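Here the structure is laid out as structure tokens; the discussion comes afterwards.
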There are 2 protein chains.
Amino acid sequence: MSSASNPGTTLRITEPLCAVFRRQLKAEGQKYTPERAQVLDAIIGLDGIFEAEQVIDELRRRRHRVSKATVYRTIHLMQEAGIIQRVLSEGDQAQYQLAYGQRPSDTLVRLDTREVIPIDVPELEALRERICRELGLRAQGHRLQIYAVAPEDAS
Amino acid sequence: MSSASNPGTTLRITEPLCAVFRRQLKAEGQKYTPERAQVLDAIIGLDGIFEAEQVIDELRRRRHRVSKATVYRTIHLMQEAGIIQRVLSEGDQAQYQLAYGQRPSDTLVRLDTREVIPIDVPELEALRERICRELGLRAQGHRLQIYAVAPEDAS
DNA sequence: CTTGGTGCAAACATTTTGCAGCACA
DNA sequence: TGTGCTGCAAAATGTTTGCACCAAG
């Protein structure tokens, strides 16, 4: 719903992520190793918001031997390369999302039941564009969390 | 700033938080100790979104001897009592906010400079009310984070 | 008095880092 | 072939827990 339809101006998604990563690494005199490719691939396979342990699990599932340390190190590199970005999270583990072409994640959290309900708030797209325009910036994504309870649970 | 003026309908803020806490504790057969009062007080003094270490620092500043363990335990109790709620956070530490009468925290994060800019998005109030109404829930707060970069930083 | 609370320090979970050997550009 | 990379295990956070003693109701 967010990408693919909007041609012209902001088109920057066509280049495969691995190419972006490779280029950014080279620019820093760093190497595009098989481990890093596997981590990137696992992350793409996870689609959406993920945390380090999910990446590690996904790699294990694929029978790729990449150490925990390398996963963490690669995640940092990908952040620097602008391929992923850290986002707000509620749990104890850091969460990230692919920086390009990702659906934003808007959720409603029920404080009484701890349920997390995905919601669709199309207005936010326009809202965030307007805010960014006013500040002279370009929007890259957003995240909204609404907290709510059942009406009778008036505390 | 928030209470005292608005009587009637949604009034639920007039009761001091310490009274709410005390009542909830008693209901569970638990005690309202000086340490817990000091923790609550420190949190109120912090106003807004806070993390455990800030509470510990604030207590130290006030020369109150409350152990780290007690601070964490009290934070959990306050969550159960509905006085504070855990919110999405970007760093490595858990963040909380007072559950009542708090301004929502909307921010714009510049991915290129890592700057965090508070923004005012009045539309969100209506938006979240509408969404909650549709779901038959009562809104308690929200948090929005917009990610953006400078336009020339087209990566 | 009694039950729950506190501080301390050790245990935990997640993430970071030092180091010796390894492999990509 | 050299510089950067990997895995391992130890260190560094942030948070939780076991235990002996203490205090609020």
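Being a predicted model, the structure only gives us computed values, none of them experimental. Letters A, B, ... are given to chains in the order of the sequence lines, protein chains preceding strands, and every chain is numbered from 1.
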Taking only the side-chain heavy atoms of [X] (C-beta and beyond), determine which of [options] contains the nearest atom.
| X | options | answer |
| --- | --- | --- |
| Lys31(A) | dT15(C), dT15(D), dA25(C) | dA25(C) |
| Ala69(A) | dT15(D), dA9(D), dT15(C) | dA9(D) |
| Glu53(A) | dT14(C), dA25(C), dT15(D) | dT14(C) |

What is the distance from [atom1] of [X] to [atom2] of [N], rounded to the nearest Å?
| X | N | atom1 | atom2 | value |
| --- | --- | --- | --- | --- |
| Arg22(A) | dG4(D) | CZ | P | 18 Å |
| His64(B) | dT6(C) | NE2 | P | 14 Å |
| Gln93(B) | dA12(D) | CD | P | 17 Å |
| Ile75(A) | dT6(D) | CD1 | P | 13 Å |
| Lys68(A) | dA12(D) | NZ | C1' | 13 Å |
| Leu25(B) | dA23(D) | CG | P | 19 Å |
| Leu77(B) | dT15(D) | CG | P | 16 Å |
| Glu51(A) | dA13(C) | CD | P | 15 Å |

(request) With the side chain counted from C-beta on, respond yes when Glu129(B) and Arg133(B) share a heavy-atom pair under 4.5 Å apart, and no when they do not. (result) yes
(request) Compare all side-chain heavy atoms of Glu35(B) with those of Arg73(B) and state whether any distance is below 4.5 angstrom. (result) no
(message) What I want to check is whether the side chains of Arg128(A) and Gln140(A) have a donor and an acceptor closer together than 3.5 Å.
(response) no
(message) For the residue pair His142(B) / Asp106(B), report whether a side-chain donor-acceptor contact shorter than 3.5 Å exists.
(response) yes
[N] phosphate, OP1 or OP2: any side-chain N/O from [X] under 4.0 angstrom?
| X | N | value |
| --- | --- | --- |
| Thr33(B) | dA24(D) | no |
| Tyr72(A) | dT15(C) | yes |
| Thr70(B) | dG7(C) | yes |
| His76(A) | dT15(C) | no |
| Arg36(B) | dT6(C) | yes |

(request) Indicate, with a heavy-atom threshold strictly under 4.0 Å, whether Arg73(A) touches base, sugar-phosphate, or nothing. (result) base
(request) For Lys26(A), answer base if it contacts any base atom (sugar-phosphate contacts may also be present), sugar-phosphate if it contacts only those atoms, and nothing otherwise; contact means non-hydrogen atoms under 4.0 Å. (result) nothing
(message) Heavy-atom nearest nucleotide on DNA chain D for Ala94(B) versus Tyr32(B): which residue maps closer to 5'?
(response) Ala94(B)
(message) Which is more 5' along DNA chain D, the nucleotide nearest Arg86(B) or the one nearest Gln30(B)? Just name the residue.
(response) Arg86(B)
(message) Testing Arg62(B), Gln54(B), Arg60(B) one by one against Glu58(B) for a side-chain hydrogen bond (donor to acceptor under 3.5 Å, both in side chains), which residue passes?
(response) Arg62(B)
